[in-house]
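Naming: A, B, ... by sequence-line order, numbering from 1 per chain. Hydrogens, waters and symmetry mates play no part in the numbers below; they use all other heavy atoms, side chains included.
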Amino acid sequence: MTKPTSRPKPIPFVSTGYWLLKSEPESYSIDLFAKEKKTLWTGVRNYQARNFMVDSMKPGDKFIFYHSNAEPSAAVGVGAVVRPNQADPSALDKKSEYYDPKASSDHPIWFCAEVSYEGHLKKPVTLQDLRDKKDLEKMALLQRGQRLSVLPMTKSEFEAVVKMGGGLK
DNA sequence: GCCAACGTTGGC
DNA sequence: GCCAACGTTGGC
C-alpha cells in the first residue's frame, strides 16, 4: 500500500559530474580562487542549490567558474570538487553576511563544498557568447528566470564552454 | 537603477 | 495549505 501524498515527488536528479558555480567577482573572483588554490564554496542560501552540493556533487566533479553581475558576465575558469556536503561555517559566524541564527553545529542547515582551482579559461566566454551558441541552448544557466548559484551541466556543455574559452591557461 | 522572475515568509 | 507581500538575483 502506497502512502497518499499531497506533494509531487521530486524528480530524481542524476548528476553527470559537471557543474557551473556562480560568483560575483566583487565578492569572490577567479583571480582570488587562483591564488588560494582551494576554497570552501560557502554562502549558498537556496535549498535547491544546497541540495545539489549535498546530494549530487561528488569528489572529482568539475565545474565552470562563472562571474555573475560582472562586466561582462562570463565563464572564466574551471575548478574541481574536493569534498562536497560539508557544514557551511559561515552560517555559524555572527560576523558573516551569511550568518543564520537558526543554524547550529548539530543542525547546520546550510552546506558547502570544498573546491580546488584548475585554471583560467584562456579567454572568458561571455553570457552573450553562450547564448549565441546553438549547442548550448538547453544549458541550465541560460534558461529563463534561472537564478541558482549552483547549476548542473552536461559533459558536452562543459566541454563546449572550455573549448569556446580556448582551453585552460 | 530598473525590473522580471523567482524564492521565502507569515497571516489567516 | 493558500497566497499576498516582501526580498533577492542578476541581466540589461
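- A:Arg45 and A:Ser90 form a side-chain donor-acceptor contact under 3.5 Å, judged by distance and modelled atom types alone.
- One atom, CG of A:Asp100, and another, P of C:dT8, lie 13 Å apart when rounded to the nearest Å.
- A:Glu24 has its CD atom 15 Å from the P atom of C:dC12, to the nearest Å.
- A:Lys22 has a side-chain polar atom (N or O) that falls below the 4.0 Å cut-off from OP1 or OP2 of C:dG10.
- Whole-Å rounding puts the A:Arg131 CZ to C:dG10 P distance at 13 Å.
- Atoms CD (A:Glu71) and P (B:dG1) sit 15 Å apart, rounded to a whole Å.
- In this structure, CG of A:Leu148 is placed 12 Å from C1' of C:dT8, rounded to the nearest angstrom.
- A donor N or O paired with an acceptor N or O is not found under 3.5 Å between the base of C:dT8 and the side-chain atoms of A:Arg45.
- The aromatic rings of A:Phe52 and A:Trp19 sit tilted, their planes meeting at an angle between 30° and 60°.
- Looking at which nucleotide of DNA chain B each of A:Asn69 and A:Gln48 is closest to, the 5′-most match is held by A:Asn69.
- Mapping A:Gln146 and A:Lys102 onto DNA chain B by nearest heavy atom places A:Gln146 closer to the 5' end of the strand.
- The aromatic rings of A:Tyr117 and A:Phe33 stand perpendicular to each other, their planes meeting at an angle above 60°, with 30° marking the opposite boundary.
- Listed candidates were C:dC12, B:dG7, B:dT8. Nearest to the side chain of A:Tyr47 is B:dT8.
- Distance A:Asn46 CG to C:dG7 P: 18 Å, rounded to the nearest Å.
- If you measure from atom CG of A:Leu21 to atom P of C:dT9, you get 16 Å, rounded to the nearest angstrom.
- The other residues sharing a hydrophobic cluster with A:Ile109 are A:Tyr47, A:Trp110, where clustering joins ILVMFWY side chains under 4.5 Å apart.
- The distance from atom OH of A:Tyr66 to atom P of C:dG10 is 9 Å, rounded to the nearest whole Å.
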